[in-house]
Each structure stands twice: as C-alpha cells, then as structure tokens.
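What follows is one structure encoded as structure tokens, with my remarks underneath.
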Amino acid sequence: TEFNNEKLDAILWDFKLALLENDVALIVVDQICENVKQKLRGVEIGRLDDKKKIVKRILNEVLYEILQTNENIDLLDLVSKKRMAKEPFIIVFVGVNGTGKTTTIAKIAKLLLSNGYSVVLAASDTYRAGSIEQLESHAKRLGIRMVKHTYGSDAAAVAFDAINHAIASGINAVLVDTAGRMQTNRNLMFEMQKIVKVTDPDLVVFVGDALTGNDAVNQAEEFNKYIKIDASILTKIDADSKGGASISIAYVTKKPTMYLGIGQSYDDLEQFNPNFLIEKILA
Amino acid sequence: RLGSSLTDAIRKIIKAPIVDESVVNELVKDFQRALLQADVKVQLVLEISEKIRKRTLNEQLPRGISRREHLIKVIYEELTTFLGDIPAQIRINPGVSNILMLVGVQGSGKTTSAAKIARYFQKRGFKTALICADTFRFGAFHQLQQLADKTNVPMYGDLNEKNSFKIAKKGIEKFRSEGYEIIILDTAGRHKNEESLIKDMKELAHIVNPDEIILIIDATIGQQASIQAEAFHEATKIGSVFLTKLDGSARGGGALSAVASIKTPIKFIGMGEGIDAIDTFVPSRFVGRLLG
Ligand SMILES: Nc1nc2c(ncn2[C@@H]2O[C@H](COP(=O)(O)OP(=O)(O)OP(=O)(O)O)[C@@H](O)[C@H]2O)c(=O)[nH]1
Ligand SMILES: Nc1nc2c(ncn2[C@@H]2O[C@H](COP(=O)(O)OP(=O)(O)OP(=O)(O)O)[C@@H](O)[C@H]2O)c(=O)[nH]1
Ligand SMILES: [Mg+2]
Ligand SMILES: [Mg+2]
C-alpha cells in the first residue's frame with residue numbers, strides 16, 4: 001500500500017520540529033517536506049515496514065541533494081591551477097555584520113600559506129571602526145602584506161590595488177575583506193556589486209553565521225541578487241549550532257558550503273562534510 | 001510568504017462570518033508559522049499557540065466583547081507577557097560611578113553598542129567613559145577608541161596589557177576618581193561552550209561588581225538564542241538585554257525567546273552601525289515587528 005497522508009504528516013511533524021530546532025529556515029523546511037512527500041508518491045510500503053525509518057532515509061536523501069551541489073570546490077586545486085597560469089587567485093568575502101568574514105580570511109590565508117602559496121590581503125572594509133587595524137594585525141601575525149588606503153576611501157580601489165600588487169609581485173592569492181552590510185541596505189548592496197565588478201574575482205564567498213535563524217534565507221537571497229555567490233562558509237559552529245543554516249543557504253544559492261568555522265583560531269577551519277551535518281541534525 | 005504575516009491571519013478572522021473552533025484552529029496554525037518564521041523558540045511557539053487555543057475556546061467571554069476581539073486580545077496578551085508592557089529603563093544612581101558591563105556572543109554588537117550607550121548617556125548630561133577590556137580580539141582597542149573619539153567620550157585601554165581584569169580595575173579606578181557617573185565596560189565575545197571564557201566573565205563581574213550587566217543579542221539569532229542567554233545568565237546575573245541589528249529584516253523572535261527564558265527586560269535596541277542608532281525598547285512596537 002502507499003503511505004497514508006495523515007500518517008506521513010504525523011511522522012514528518014517530528015522531523016519538521018527537529019529541522020526547525022536546528023535552524024533550518026521554515027520555508028526551506030516546508031520545501032523539504034514537500035520533496036519528501038513527492039519522493040514517497042507511488043512508493044509501496046509493506047504493512048510491517050518501519051515507516052519512520054523509511055521517511056528518515058528519504059529525508060536524508062533530500063537533505064543530501066540540497067547540500068551536495070554538483071560543483072564541489074577544491075580551493076587548493078583551484079589556486080594551484082591559477083598559479084600555473086601565473087595569475088593571482090582572487091576571493092572576495094561578503095556577508096552581514098559580525099558573521100566572521102575578517103577572521104575567516106585570516107584562516108584561509110593560513111591554510112594557503114601552509115600549503116606553499118603566497119597571499120596578500122586587501123583591506124576593503126574602509127568603513128567600520130578598527131577594521132583596518134584588525135586585518136593588519138592578522139597580516140602581521142601571518143607575516144603577509146596587506147594593501148590598505150584610508151578610512152572612507154573607495155573599497156573597490158583598495159581591492160584593485162591589491163590585485164595589481166599581486167600581479168606585479170607574483171603573489172598567488174588575493175583575499176578581499178569587505179565591510180559587513182545588511183541585505184536591506186541598497187546602497188551597501190550596490191557598493192558590494194561594484195567591488196565584485198571591479199575585482200572580477202575567482203570566488204565570491206558568502207560568510208554566514210551558524211547562529212542565524214530564518215534571516216539566513218533572506219540574506220542569501222538578497223546578496224545573490226546583487227552578486228553571484230560561488231560558495232559559502234558557515235562560522236561559529238562551535239557555539240553549539242548543528243549548522244542547519246547551511247541547508248537554508250545551500251537551498252537558496254544552489255552552491256556548496258566550502259568550510260565551517262569552528263573557533264576563533266587560525267586552524268579552526270573545517271572542511272564541510274554534508275553527511276556529517278545531516279547525521280547530526282537527524283540524530 | 002504564505003502564512004508568514006500574522007496580520008494577514010488576523011485579517012482572516014475579521015473577515016470570517018463567525019469565529020468558531022475551525023477558525024481558531026486555522027488562526028493558531030498561521031500564528032505558529034508566523035512565530036517560527038520570526039525565530040521564536042520551537043517549544044515556546046507550541047506552548048504559546050496551545051495556550052491561545054485553550055483560552056479562546058474555553059475562556060468565558062468577557063461582557064461586551066466579541067469572540068473576535070477576545071481572540072485578538074488573547075494573542076496580544078500571550079505575546080507581551082514576556083516583554084512587559086511598559087518600557088524598562090536602566091537605573092542610574094546619581095552622584096556615584098555606575099558601572100555597566102557588556103557581554104555577549106562573538107559579533108553580536110557589544111563594542112558598537114558600548115559606544116552607543118556612552119553617547120546616549122552623554123547626550124543626557126552624564127559624565128560618561130568607556131573601557132576596552134577585550135584583550136583578545138585584534139583591533140578591539142582601536143575600534144572602541146575610534147568610536148569613542150566620534151562622540152568625545154574618554155576611553156581607557158592598554159594594548160600592552162593582556163590581563164583584562166587589570167585593565168577593568170585600572171579603568172574603573174581612574175574614571176571613578178575623576179568623577180565619572182557612567183563607566184561602560186566592553187568585553188570579549190564568548191559563547192556557552194567556551195567554558196574558560198564564561199568563567200573569565202564570571203570572575204570579571206565578581207571583581208568589577210557592575211551595577212548592571214547588559215547582554216547583547218543579535219536580532220538575527222535563531223533557535224540558539226535562549227540557550228546562549230541561559231548560559232550567560234547562569235554565570236552572571238544579566239540585568240537587561242540590548243537587542244542589535246534591528247535595521248535588518250530579522251524579526252527578533254530569538255531575542256524574545258531569550259528574555260522569556262531568563263526573565264530580563266530589553267532596555268535598548270540598535271538599528272544601525274552609527275553611534276546614534278540607538279533607542280529605548282518599546283514592547284508594543286516590537287510585537288508588531290514580530291507578527292510581521
Ligand atoms: N567562536 C567562534 N567565533 C568566531 C568564529 N569566526 C569568527 N568568530 C568571532 O566572531 C567575531 C566577529 O568576527 P569578525 O571576523 O570581526 O567578523 P566580520 O564579519 O568581519 O565583522 P564585520 O566586519 O564587523 O562585519 C570575532 O570575535 C571572531 O573572533 C568561529 O568560527 N567561532
Ligand atoms: N546594521 C547594524 N550593524 C550593527 C549594529 N550593531 C553592531 N553592528 C555591526 O555589527 C558588527 C559587529 O559589531 P561589534 O560591535 O564589533 O560586535 P562585538 O560583539 O563587539 O564583536 P566581538 O567583540 O568580536 O565579539 C559590526 O560591523 C558593527 O558595525 C546594528 O544595530 N545594526
Ligand atoms: Mg570584518
Ligand atoms: Mg567587540
């Protein structure tokens with residue numbers, strides 16, 4: 001027999017709550033449940049089958065499909081290819097205020113350095129108090145150069161400068177730090193658009209905070225309207241978040257989650273593993 | 001966004017010919033969705049919606065009020081019960097140094113809010129000062145210094161001192177001896193799983209003995225809000241909450257869940273990056289935002 005709709009709804013309800021409690025956005029949870037129901041349409045269920053187990057397996061598939069996008073990003077491989085072409089690999093980091101962009105840049109820089117690549121930083125957050133000093137401290141700690149102008153200067157110009165410096169000095173990667181910005185602020189969205197246009201980066205990385213709730217969907221959607229997100233990094237997983245926001249963001253952007261930020265130190269960067277995440281959420 | 005706006009749901013009741021059990025159940029469902037999408041804690045949503053359903057179906061209808069009006073009244077009551085209905089203010093004792101200590105999760109807006117609070121009180125004639133007791137984050141000193149300079153409030157910090165307790169003590173002694181009435185202490189970000197950092201915070205509060213410990217909460221926070229707030233409250237008694245980033249699209253249900261859990265009033269809100277983007281918290285406005 002086929003799955004009885006009422007029984008299916010009752011089973012899905014518990015999984016729904018689990019997803020919501022793990023910060024998967026409501027409209028994404030709705031869609032996930034829709035997909036599960038679709039997949040179970042016409043599927044024969046034996047009277048003695050463990051119905052909950054069957055739904056869990058299908059749910060696992062649906063979540064995996066959202067997270068496992070067809071383009072998996074191997075950062076080191078991409079950077080090495082550009083090095084062979086004698087061009088710098090350019091990454092622009094964007095996201096709303098306080099998500100961990102600047103710290104993540106330092107982590108990525110450390111990762112590249114420890115794999116033998118040279119890095120230069122671009123202080124393209126020319127707005128927030130202390131942003132240039134913060135990034136500069138990271139540059140000093142890492143022993144790499146940072147290109148900066150003054151506060152209030154043009155963010156795109158700083159990035160442009162850094163890229164030219166990288167080309168002239170044969171530096172393998174340029175990491176561009178940008179100011180945090182609310183997706184509801186159109187002027188800042190246009191500024192971000194300009195930075196991406198001017199730098200023509202190899203990757204635009206959206207940095208999201210794992211503690212974010214339903215707003216993660218709105219953030220990813222809006223940012224995606226102005227610039228095309230190539231990949232996401234989700235930070236502060238160590239704050240006890242299961243990382244459900246990565247499902248919301250992946251659902252919206254259809255792009256991979258590259259790394260997870262699991263702490264404030266340079267080595268607190270973990271390769272994203274969709275199965276591991278799904279396991280934790282459905283536990 | 002079907003069902004995400006509670007005002008739409010309420011409009012449905014207003015249009016409904018009679019308010020019977022099916023209308024109430026339909027409303028409660030819409031209500032749940034609105035609250036979930038607003039980031040209210042899942043268990044709290046289930047509790048509130050069940051209460052509303054019971055009250056509207058079982059409560060004796062007060063005289064002269066329609067079933068419809070009663071339903072709307074019940075919804076409003078159940079939501080504001082956690083927020084209080086009158087705006088709460090920070091109590092400043094005149095003629096002494098009042099110490100306000102800011103704590104919260106990484107990136108929630110402590111440093112920015114510290115400067116905003118300083119400006120708020122300075123504008124009201126209080127002699128106000130800032131202390132940077134965040135010795136961990138790169139650029140924290142410069143960030144607070146630059147913000148302090150914007151509003152001409154003195155800031156004490158020490159780039160060569162790694163011990164935040166020493167900085168806090170020195171800063172308070174200095175500003176207290178100079179007759180400052182409000183001393184605002186910015187601290188490093190931390191979350192509930194960083195046990196040593198939570199312990200540090202506890203010790204700092206013990207040393208400094210602040211008049212009020214303010215928990216900074218980001219309006220975009222989701223289901224973790226109350227869990228984090230409880231951990232902070234368990235370590236040091238939180239006096240009030242400062243809710244930041246309300247200029248975004250987040251509805252703030254996480255913050256509501258947090259204050260519902262630790263029973264602490266929200267006294268300030270932040271609606272922008274500028275140091276003037278601060279306001280006192282008005283419960284009714286917030287409920288409006290929550291309901292979309
Ligand atoms: N626990 C934890 N903290 C993190 C993580 N990533 C960043 N942080 C902290 O989050 C806070 C904000 O980090 P920043 O790098 O300044 O964030 P940002 O996005 O650059 O902030 P704005 O430029 O102001 O928008 C800092 O205290 C970081 O140490 C993480 O993965 N785990
Ligand atoms: N749009 C907006 N941004 C805000 C608001 N409050 C703070 N911010 C921004 O949020 C980011 C983080 O603020 P901080 O003050 O550095 O946060 P913090 O809690 O001190 O961070 P840590 O010290 O690293 O834990 C910065 O980009 C601020 O400008 C607000 O009300 N609205
Ligand atoms: Mg930054
Ligand atoms: Mg700070």
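Small disclaimer: the values here were computed from a predicted structure and weren't measured. Below, read A as the first sequence line, B as the second, and so on, with proteins coming before strands; counting in each chain starts at 1.
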Can you confirm whether more than 12 heavy atoms, excluding those of [X], are under 6.0 Å from its [atom1] atom?
X: B/Glu195; atom1: CD; result: no
X: A/Lys254; atom1: NZ; result: yes
X: A/Lys107; atom1: NZ; result: yes
X: B/Glu234; atom1: CD; result: no
X: A/Lys280; atom1: NZ; result: yes

Test item: [X] and [Y] side chains (from C-beta on) under 4.5 Å apart, heavy atoms:
X: A/Gln134; Y: B/Gln143; value: no
X: A/Leu211; Y: B/Val105; value: yes
X: A/Asp240; Y: B/Gln224; value: yes

Would you mind telling me which of [options] has the largest number of heavy-atom pairs within less than 4.5 Å of chain A?
options: B/Gln145, B/Arg137, B/Gln228; answer: B/Arg137
options: B/Ala115, B/Gly139, B/Ala38; answer: B/Gly139
options: B/Ala250, B/Ala219, B/Gly189; answer: B/Ala250

>> Among A/Arg141, A/Glu222, A/Glu136, which residue has the highest count of heavy-atom pairs closer than 4.5 Å to chain B?
In response: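 Sorted descending by pairs with chain B, the first entry is A/Arg141.
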Do the side chain of [X] and the main chain of [Y] share a donor and acceptor less than 3.5 angstrom apart?
X: B/Ser249; Y: A/Gln183; answer: no
X: B/Asn193; Y: A/Asp238; answer: yes
X: B/Gln37; Y: A/Asn214; answer: no

> What's the shortest heavy-atom distance between B/Gln106 and A/Lys236, and which atoms?
Replying inline: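 Looking at all heavy atoms of both residues, the shortest contact is O-NZ, 2.9 Å.
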> What heavy-atom pair brings B/Asp247 and A/Thr184 nearest, and what distance separates the two atoms?
Replying inline: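 Heavy-atom minimum between the residues: O-OG1, 3.2 Å.
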Distance check, rounded to the nearest 0.5 Å: [X] atom [atom1] versus [Y] atom [atom2]?
X: B/Phe138; Y: A/Thr102; atom1: CZ; atom2: OG1; result: 12.0 Å
X: B/Gln223; Y: A/Leu20; atom1: CD; atom2: CG; result: 7.0 Å
X: A/Gln264; Y: B/Leu197; atom1: CD; atom2: CG; result: 7.0 Å

Side chain / backbone / both / neither for [X] at chain A, heavy atoms under 4.5 Å:
X: B/Asp149; answer: neither
X: B/Phe136; answer: side chain
X: B/Lys245; answer: both
X: B/Leu46; answer: side chain

> Using a distance-only test with no angle check, is there a side-chain donor-acceptor pair under 3.5 angstrom linking A/Glu133 and B/Gln146?
Replying inline: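 Per modelled atom types, A/Glu133 and B/Gln146 side chains form a pair under 3.5 Å.
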> Looking just at side-chain N and O atoms, do B/Glu273 and A/Asn97 make a donor-acceptor pair shorter than 3.5 Å?
Replying inline: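 The answer is yes; a qualifying pair exists.
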>> For B/Thr220 and A/Asp209: C-alpha separation, side-chain torsions, deciding distance, then whether side-chain contact (heavy atoms from CB on, under 4.5 Å) applies.
In response: CA-CA 9 Å; B/Thr220 64; A/Asp209 186 331; 6.0 Å; no
Is it the side chain or the backbone of [X] that comes within 4.5 Å of chain B heavy atoms, both, or neither?
X: A/Ser137; value: both
X: A/Ala239; value: both
X: A/Gln219; value: side chain

